[in-house]
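Okay, structure first, notes after.
Just the heavy atoms: all of them, side chains too, but no hydrogens, waters or symmetry mates, feed the values below. Numbered from 1 within each chain, the chains take letters A, B, ... in sequence-line order.
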Amino acid sequence: MLKPINLAAALLALSLASPLAAQDGEPQSGGTLNVVIQPEPPSLMLGLVQNGPTQMVGGDIYESLLRYDFDLKPEGQLAESWEISEDGKTYTFKLRQGVTFHDGTPFTSADVEFSMDKFLRESHSRMRTYMEHVESIETPDEHTVVFNLKQPFGPFIGIFEPGTAPMIPKHIYEGTDFATNEANNTPIGTGPFKFDKWEKGSFIHLVKNEDYYMEGKPYVNEVYYHVIPDAASRAVAYETGKVDVLPGGSVENFDVSRIQAMENTCITDKGWEYFGPLSWMWVNMNNKPLDDVNVRRAIMHAVDRNFAKDALWNGLGKVATGPFTSSTRFWDGDTPDISYDPEKAKALLADSSYNGEKIRILGLPYGETWQRWAEAVKQNLSEIGMDTEIVPSDVAGWNQKISDRDFDLAFTYLYQYGDPALGVSRSYMGSNAAPGSPWNNVANYQNPETDKMFEEAALMANPDDRKAAYKTIQDQIVSDVPNIWLLELGFPTIYRCNIKNPVNTAFGVNDGFRDVWIDTK
Amino acid sequence: MKDFWKRFRYNRGAVIGLFILAFVIATAILAPVLFPQSPWKMVQRPFLPPFTQDGLMLGTDALGRDVMAGLAHGAYVSLLVGLVSTIVALAIGVPVGALAGYFAGRTDDALMRFTEFFQTIPSFALAIVLLAIFQPSLTFVIIAISIVSWPPVARLVRGEVLSLRTREFVEAATLSGLGNTQIILRHILPNALPPIIVLASLMVAQAILLESSLSFLGLGDPNIMSWGYMIGAARTVIRTAWWLSFLPGMAILLTVLALNLIGEGLNDALNPRLTRKSE
């Protein structure tokens with residue numbers, strides 16, 4: 001007979017299995033790492049394709065100048081040191097000596113200039129918008145790169161990670177058509193692992209880079225990424241020992257509690273600080289009565305987010321405080337109160353223009369967890385006297401309905417990319433509200449004041465000024481409640497406890513297995 | 001009528017079926033009284049096993065909703081879908097079959113080819129397609145089930161009518177100057193009724209199964225608590241909370257079994273020639 005899940009016990013187990021107990025013991029070399037990859041990436045060439053699975057495998061092969069710890073503080077990777085000028089317009093990077101690409105060619109400042117200025121500007125849409133702030137790139141010597149910006153752009157220091165700014169070998173790509181270059185099938189970077197073999201539909205095999213510039217690293221000899229298309233089969237693959245690491249999102253939430261109860265199994269929700277996935281419900285402010293702030297506030301206080309966290313997300317993640325994820329820069333925890341308070345919600349609703357209209361809830365068609373979540377919210381709202389209806393849809397229908405603004409409340413979640421100028425402002429800028437896209441200011445929040453502040457804050461040189469500006473923005477947006485913020489999602493990475501260090505930066509398993517070692521004792 | 005009941009009672013299975021069905025119907029009718037709160041209400045902590053908490057005899061599901069309340073309210077939905085879609089299917093199938101059988105010839109050809117058009121497509125696949133096109137709401141679920149389940153009715157009725165229309169009493173009716181409508185409605189159909197009733201009882205069972213399967217696949221109305229939905233929602237946790245799938249599964253099994261037993265009993269009672277002669 002199977003035991004019922006005991007949430008409290010599961011949470012206790014979670015807090016005991018500290019993900020950072022990685023420092024124990026001397027690192028050992030050797031061994032094979034078996035990881036799940038889901039879905040199979042279309043390509044491993046990180047400069048051309050940046051979807052999730054490509055970033056995960058590509059993060060072992062390619063590197064950038066920096067990496068970021070859990071607080072998004074930059075650490076040196078290919079850059080040894082860096083300097084930002086007083087006026088915030090000049091960024092000088094000193095590159096590490098003795099770094100070579102997998103084919104033996106040395107990595108120099110020319111590769112940095114080529115990657116940033118030519119390759120990524122052409123092939124990486126997110127990067128292209130960042131590079132618009134750059135006036136010129138100078139390479140005074142082989143190991144120095146200087147970026148001159150048109151105006152201060154605070155988020156700039158946060159873009160030097162492999163998924164955004166991978167360093168591409170100039171000698172292979174210069175003068176060729178990037179998208180059709182044959183070398184895309186055998187990607188070459190500076191990373192700790194080299195591409196070996198890709199058996200389509202089955203596995204991707206990487207081997208240790210023996211000439212890696214960090215003494216003794218990487219520790220493991222090889223990495224296998226296993227392609228397993230079905231969530232239940234992925235869970236079984238872990239249970240039978242075929243794979244040892246399940247990256248966030250590999251298995252259904254409902255399976256997590258069962259798997260984490262297994263022996264020698266650790267779990268961490270760290271490693272998502274850069275992406276900072278935040279879930280919320282868009283409130284369609286084009287529709288009555290949702291244009292009334294009291295109705296929106298009532299909904300905000302009616303939704304029991306702690307319950308959703310415990311019952312649907314196995315206690316992982318955090319209850320959101322507003323439009324910023326707590327790991328995003330300039331997050332402010334001291335925003336107006338939006339906690340669960342049905343009595344207050346009822347009072348607000350009574351004071352509002354709500355007259356028993358039926359509110360349509362559009363769930364996110366990403367599986368059971370989201371479906372249950374929509375049901376829970378529907379129930380929460382019915383308890384304060386709102387009449388609601390769940391509108392079913394598939395992924396294509398969801399995209400269509402959001403783009404057409406054909407909903408009242410709609411579930412979604414988006415990444416924040418570490419900085420409000422990169423991942424938050426797009427959802428709240430009045431100028432970014434045109435129908436037709438499911439990723440812009442879908443709620444149609446119009447506030448000229450916050451618009452102006454968002455624009456100014458992105459270009460401030462001094463981080464303290466930015467902090468103050470974003471504090472005002474957060475207070476204002478939270479009191480307007482254009483969206484019903486739900487949870488900072490916790491996508492747990494599950495792994496065998498004797499695998500040390502699988503997650504040690506804000507990018508989690510996407511940042512390569514440079515520091516991973518397997519304890520065989 | 002007395003004879004009918006006597007013959008029906010002779011089939012012990014049918015009587016048991018009748019008791020089960022009566023219980024299910026009573027549950028469905030009394031659900032709003034016994035469980036006045038919405039079955040969607042989250043009342044306790046999630047995944048309480050059955051018989052561990054007073055007042056929550058069958059425990060709670062993944063969101064802490066009362067499983068017992070879900071089953072009771074689900075009974076209403078299942079029976080409603082079963083009955084209404086059967087009535088709609090009869091309303092399509094009986095006229096089509098009767099016209100085809102009575103007029104024969106070209107009319108028969110045309111109507112039967114039309115019927116076969118529906119019969120060649122597997123009914124479950126057709127129902128899925130219909131619901132993927134329309135929005136899955138209770139109305140469309142009923143419509144979809146009706147559309148896929150009327151062809152067997154049409155074929156049965158046509159067969160019966162074909163064999164009845166050459167009988168003497170029909171010829172007599174024709175000679176006495178009755179119109180076609182009168183003859184079909186007053187003389188032929190009443191005589192074709194017994195097999196239709198038996199078929200209808202089985203169709204209700206079939207419709208309940210179809211609705212459950214559709215809800216299981218997530219094609220049911222997401223705003224309505226039904227047995228199929230309960231199983232579908234519980235299947236991801238079947239290894240940790242098997243009873244969440246098992247209990248609504250039992251409910252479906254018993255209800256469908258009851259309807260089948262009743263169908264058999266009706267068959268015995270309405271076709272005296274087939275009844276065992278052991279009295």
Side-chain angles (χ1 to χ4, degrees), chain A residues 1-8 10 231-232 235-236 239 251-261 304 307-308 310-315 358-363 365 367-383 387-394 396-397 401 406, chain B residues 37-53 56 59-67 69-70 128 131-138 140-141 214-225 229-246:
Chain A
M1 189 88 75
L2 290 155
K3 267 186 303 194
I5 297 173
N6 184 330
L7 261 179
V236 172
E239 286 171 297
V251 294
E252 287 277 358
N253 279 340
F254 298 103
D255 277 337
V256 170
S257 41
R258 178 166 51 88
I259 293 174
Q260 79 185 28
D304 189 350
F307 172 80
D310 291 340
L312 296 169
W313 292 91
N314 287 304
K358 187 162 256 180
I359 303 293
R360 294 166 300 157
I361 303 175
L362 183 61
E368 295 284 318
T369 304
W370 294 92
Q371 218 176 316
R372 295 292 91 73
W373 205 351
E375 289 162 11
V377 164
K378 178 185 155 86
Q379 191 54 36
N380 283 155
L381 295 183
S382 82
E383 264 151 44
D387 188 16
T388 54
E389 169 186 53
I390 294 175
V391 181
S393 79
D394 52 12
K401 284 197 166 79
D406 179 17
Chain B
Q37 283 181 335
S38 156
W40 299 94
K41 189 172 166 63
M42 298 163 278
V43 289
Q44 249 288 355
R45 77 183 168 78
F47 297 118
L48 272 182
F51 311 115
T52 51
Q53 182 94 22
L56 291 170
T60 58
D61 75 355
L63 282 182
R65 300 175 291 214
D66 185 355
V67 173
I128 290 177
L131 281 174
I133 296 171
F134 303 118
Q135 285 242 332
S137 67
L138 191 60
F140 278 117
V141 169
L214 289 169
S215 294
F216 175 79
L217 290 178
L219 285 165
D221 187 331
N223 298 293
I224 282 172
M225 180 67 78
Y229 161 81
M230 292 173 79
I231 300 177
R235 71 171 190 268
T236 39
V237 290
I238 194 161
R239 288 171 65 179
T240 39
W242 56 270
W243 59 89
L244 290 179
S245 321
F246 176 79

Practice task
Tell me, out of A:Glu239, A:Glu252, A:Gln371, who's got the most heavy-atom pairs with chain B below 4.5 Å.
Solution key: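 Greatest number of close heavy-atom pairs with chain B: A:Glu239.
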
Exercise for the section: Give, as side chain, backbone, both or neither, the part of B:Ser38 having an atom under 4.5 angstrom from any heavy atom of chain A. Expected result: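 Answer is side chain: those atoms of B:Ser38 sit under 4.5 Å from chain A.
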
Exercise for the section: Output all residues satisfying side-chain contact (heavy atoms from CB on, under 4.5 Å) with A:Phe307, sequence neighbours left out; order by chain, then residue number. Expected result: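 By the side-chain contact (heavy atoms from CB on, under 4.5 Å) rule, A:Phe307 matches A:Asp304, A:Ala311, A:Ala376, B:Met42, B:Pro46, B:Leu63.
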
First locate atom [atom1] of [X], then atom [atom2] of [Y], and finally report the distance between them rounded to the nearest 0.5 Å.
X: A:Phe254; Y: B:Arg239; atom1: CZ; atom2: CZ; answer: 15.0 Å
X: B:Trp40; Y: A:Thr388; atom1: CH2; atom2: OG1; answer: 10.5 Å
X: B:Arg65; Y: A:Gln379; atom1: CZ; atom2: CD; answer: 8.5 Å

Handout entry: B:Phe51: ring-ring contact (aromatic ring centres under 6.0 Å, His included) partners, not counting sequence neighbours
Key =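 Counting only residues at least two positions away or on another chain, B:Phe51 forms no ring-ring contact (aromatic ring centres under 6.0 Å, His included).
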
Of the backbone (N, CA, C, O) and the side chain (C-beta and beyond), which part of [X] lies under 4.5 Å from a heavy atom of chain B, both, or neither?
X: A:Asp255; result: side chain
X: A:Ile361; result: neither
X: A:Glu368; result: side chain

Practice task
Apply side chain to side chain contact (heavy atoms under 4.5 Å, CB included) to the pair B:Asn223 and A:Lys378, showing each step before the final yes or no.
Solution key: CA-CA 9 Å; B:Asn223 298 293; A:Lys378 178 185 155 86; 3.2 Å; yes

